[in-house]
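In the text below, chain A, chain B and the rest are named by the order of the sequence lines, each starting its count at 1. Heavy atoms only: backbone and side chains are in, while hydrogens, waters and symmetry mates are out.
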Amino acid sequence: MSEEVDQIVQRRNKLAMLRESSSPFPNDFRRTAFAGDLQSQHADTGFSEGQDPIRVKVSGRLMSRRLMGKASFSHIQDATGQVQLFLQKNQLGEAEYEQFRDYDVGDIVGAEGELFRTRTGELTVRVEQIRLLTKALRPLPEKFHGLTDPETRYRQRYLDLVMNEGTRSVFHARAAIIQHIREFMISHRYLEVETPMMHPIPGGAVARPFITHHNALDMDLYLRVAPELYLKKLVVGGFERVFEINRNFRNEGMSTRHNPEFTMMEFYCAYADYNDFIDLTQELVKSLCQSVAGSEQLAYQGTEIDFSGSFERYGMIESILKFNPDISRNMLHDEQAIRELADHLKIQVGPKDGLGKVQMEIFEKHVEHKLIKPTFITGYPVEVSPLSRRNDEQPEISDRFEFFVAGREIANGFSELNDAEDQAGRFQDQMGKKEAGDQEAMHFDADYICALEHGLPPTAGEGIGIDRLVMILTDSPSIRDVVLFPHMRHQQPPAE
RNA sequence: GGGGUGUUAGCUCAGUAGGCAGAGCAGCUGACUUUUAAUCAGCGGGUCACAGGUUCGAUCCCUGUACACCCCA
């Protein structure tokens, strides 16, 4: 019999004993204080003799035990932090003290007593009563090194959360970031909405969808790759400023910056253009830096990133030239030359791909990862922007921008294409690409065209990748570090 | 999809020119009324990821598979 099983068997035996004497999973303990609150409230309390004693009831997970004969110390951890318990045989009584000695690290307990300070000055509860509230049958990871194995941290995130303060703080930060964004949008008069996650036709982004099936209707549905088309239908309907924070699903590879489901905020504003959203994005990002980090200087994975002042801004072509001195402007604008260049750069180009598509490929491969400072890129080709408004001066480019930090695309926004006939033509173009084998190309969405034909006001739209933003703001190297339960390959469940 | 690295006790990690598998923590027994990685004495705990191959003998060498991490596409 392995020791792992031994430890579980011992705990099961203890639980069996508890079942005989009482209900082992009581739910009538009510705490009066949180550990972290006590620490901050009593940071300067002296607990001198004459003072009125402060009685508290605390509960949480037993994280350590130091048994010394007739007295013991222990730490419990709740949602706010840890506090030390001091247990004495003559205070608890023989029976209760012996019961405590049977508790295991990992058990959930409730304790009541008076606050005091130990010789070393640590705030401590002098326990008068303690109860086991939940027996833990499996041992926790080791107390000193904690849990470091990345696979276990992701698959059993609860253990990571119990053991690692850093993990807890990342997800607290994530919640604060999303709350901040939501309040920012509401304060700018945006209405929060929820649109379908299951789409009859996948649309709104160039991406491969997941397919599911509705039994009663006997029809295939697609998990959404973006909420874009529905949100713009709401603008047609007169909700002139809307936003949605929710999951998108893309059936693509996984990496440190891609999870099959990821969180995006999309938002639309009538009577605004992409330049307005560049300004709005900068304002939002700066305010997030201040609210999360308290500074516009952030360190990301050892690189200082400066969010102060106005963010950098280049045209896409200019950025290619700036970061790749070997490439000339003429090469990027000549069909023949750019294909040779792409070949030289080992970029695969499809036979139906035009100038714009190849420019985009070169940009993605040879510029994106170099955009470390917060940077807006504009001037994207219409060919790769099937939902964007055409630029008035240069019809081959769109009124679109993307926002990059630390070499990562964080946001994508544009003046919306509200010309229904142009949009129908762009969908036709996408269908041509799909027939040529491009699995990411869009479908023709007649419903959406119909909505546009009713009149979409001039509108700006944008999507912000929340996970990537959280990565940068929390200095996390992988998207798995900012998603509570990242997608993992199937694995055998933990054996007993 | 390609390349690299890894998988040894519940956890964190050693290790073996190829010859009975190691530590710390956790666990168990005992001592201990201000400890905090408590301490002291003793004890138990392993399909060395999985499947093949080479070998007298494989945790170690070879091949494949699974899972994970990193890099590239």
Quiz item: Are OP1 or OP2 of B:rC72 and a side-chain N or O of A:Ser255 less than 4.0 angstrom apart?
Solution: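 A:Ser255 to B:rC72 OP1/OP2: no side-chain N or O under 4.0 Å.
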Practice problem: Look at A:Arg489 and B:rA66 and indicate whether a side-chain polar atom (N or O) is within less than 4.0 Å of OP1 or OP2. | Solution: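 So the side chain of A:Arg489 is outside the cut-off, no N or O lying under 4.0 Å from OP1 or OP2 of B:rA66.
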Integer angstrom distance from the [atom1] of [N] to that of [M]:
| N | M | atom1 | value |
| --- | --- | --- | --- |
| B:rC25 | B:rU59 | C1' | 23 Å |
| B:rA68 | B:rA49 | C1' | 11 Å |
| B:rU16 | B:rC56 | P | 24 Å |
| B:rG64 | B:rG22 | P | 32 Å |
| B:rC20 | B:rG57 | C1' | 12 Å |
| B:rA23 | B:rC69 | P | 32 Å |
| B:rG2 | B:rA9 | P | 30 Å |
| B:rA37 | B:rG24 | C1' | 10 Å |

Can you label the angle between the [X] ring and the [Y] ring as parallel, tilted or perpendicular, going by 30° and 60°?
| X | Y | value |
| --- | --- | --- |
| A:Tyr274 | A:Phe401 | parallel |
| A:Phe47 | A:His42 | tilted |
| A:Phe100 | A:Tyr97 | tilted |

Quiz prompt | Contact nearer the 5' end of RNA chain B, comparing A:Ser64 with A:Leu147 | solution =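 Per heavy-atom nearest nucleotide, the more 5' residue is A:Leu147.
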Quiz item: Nearest nucleotide by nearest heavy atom, which residue falls closer to the 5' end of RNA chain B, A:Tyr103 or A:Lys70?
Solution: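 With A:Lys70 and A:Tyr103 compared, the 5'-side residue is A:Tyr103.
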Would you classify [X] as touching base, sugar-phosphate or nothing, given that sugar-phosphate means primed atoms plus P, OP1 and OP2, and contacts are heavy atoms under 4.0 Å?
| X | answer |
| --- | --- |
| A:Gly146 | sugar-phosphate |
| A:Arg101 | base |
| A:Lys89 | nothing |
| A:Leu67 | base |
| A:Met163 | nothing |
| A:Glu151 | sugar-phosphate |

Quiz prompt | Under 3.5 Å side-chain donor-acceptor pair for A:Glu396 and A:His333 | solution =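 Distance-only check fails for A:Glu396 and A:His333.
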Exercise. State, without any angle test, whether A:Asn412 and A:Glu462 hold a side-chain donor-acceptor pair at a distance under 3.5 Å.
Key: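 Looking only at side-chain atoms, A:Glu462 and A:Asn412 do not form any donor-acceptor pair under 3.5 Å.
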Given [options], which nucleotide is nearest the side-chain atoms of [X]?
| X | options | value |
| --- | --- | --- |
| A:Phe144 | B:rC70, B:rU12, B:rA37 | B:rA37 |
| A:Phe73 | B:rG27, B:rC69, B:rU35 | B:rU35 |
| A:Glu142 | B:rA68, B:rC28, B:rG10 | B:rG10 |
| A:Arg480 | B:rC70, B:rU34, B:rC32 | B:rC70 |
| A:Glu122 | B:rU35, B:rU12, B:rC28 | B:rU35 |
| A:Thr256 | B:rA68, B:rC70, B:rC11 | B:rC70 |
| A:Arg155 | B:rU33, B:rC28, B:rA68 | B:rA68 |
| A:Gln88 | B:rU33, B:rG10, B:rC11 | B:rU33 |

Could you check how far [atom1] of [X] sits from [atom2] of [N], rounded to whole Å?
| X | N | atom1 | atom2 | result |
| --- | --- | --- | --- | --- |
| A:Asp149 | B:rC11 | CG | P | 8 Å |
| A:Phe116 | B:rU35 | CZ | P | 11 Å |
| A:Leu87 | B:rU35 | CG | P | 15 Å |
| A:Glu252 | B:rA73 | CD | P | 17 Å |
| A:Glu94 | B:rU33 | CD | C1' | 14 Å |
| A:Met68 | B:rG30 | CE | P | 18 Å |
| A:Arg65 | B:rC28 | CZ | C1' | 12 Å |
| A:Arg138 | B:rA26 | CZ | C1' | 16 Å |

May I ask you to verify whether the side chain of [X] and the base of [N] hold a donor-acceptor pair under 3.5 Å?
| X | N | result |
| --- | --- | --- |
| A:Asn90 | B:rU33 | yes |
| A:Arg119 | B:rU34 | no |
| A:Gln7 | B:rA26 | yes |
| A:Thr118 | B:rU35 | yes |
| A:Gln84 | B:rU35 | yes |

Practice problem: Among A:Asp102, A:Asp107, A:Asp104, find the residue that satisfies the side chain to side chain donor-acceptor pair (under 3.5 Å) test when tested with A:Lys14. | Solution: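 Of the listed residues A:Asp102, A:Asp107, A:Asp104, the side chain to side chain donor-acceptor pair (under 3.5 Å) partner of A:Lys14 is A:Asp104.
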Practice problem: Please lay out, stage by stage, how A:Phe414 and A:Tyr380 fare under the test ring pair (Phe, Tyr, Trp, His ring centres under 6.0 Å). | Solution: CA-CA 10 Å; A:Phe414 39 86; A:Tyr380 286 87; 9.6 Å; no
Practice problem: Grab the two heavy atoms, one from A:Ala33 and one from A:Val58, that are nearest each other, plus how far apart they are. | Solution: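 For A:Ala33 and A:Val58, the tightest heavy-atom pair comes out as O-CG1, 3.8 Å.
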Practice problem: Provide the full list of salt bridge (Lys or Arg N to Asp or Glu O under 4.0 Å) pairs with a residue in residues 321-336 of chain A, sequence neighbours left out, each pair given once. | Solution: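 Counting only pairs at least two positions apart or across chains, the salt bridge (Lys or Arg N to Asp or Glu O under 4.0 Å) contacts touching residues 321-336 of chain A are A:Glu318-A:Arg329, A:Glu335-A:Arg339.
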Quiz prompt | Results of side chain to side chain contact (heavy atoms under 4.5 Å, CB included) for A:Ile211 - residues two or more places apart only | solution =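 Partners of A:Ile211 by the side chain to side chain contact (heavy atoms under 4.5 Å, CB included) criterion, ordered by chain and then number, come out as A:Asp220, A:Tyr222.
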Practice problem: Map every base of RNA chain B to its dot-bracket character, where paired means a Watson-Crick or G-U wobble contact with both distances under 3.5 Å and | marks a partner outside the strand. | Solution: (((((((..((((.....[..)))).(((((.......))))).....(((((..]....)))))))))))).
Self-check item: A:Leu371 side, atom CG; A:Ile410 side, atom CD1 - distance, nearest 0.5 Å
Solution: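 That separation rounds to 11.0 Å.
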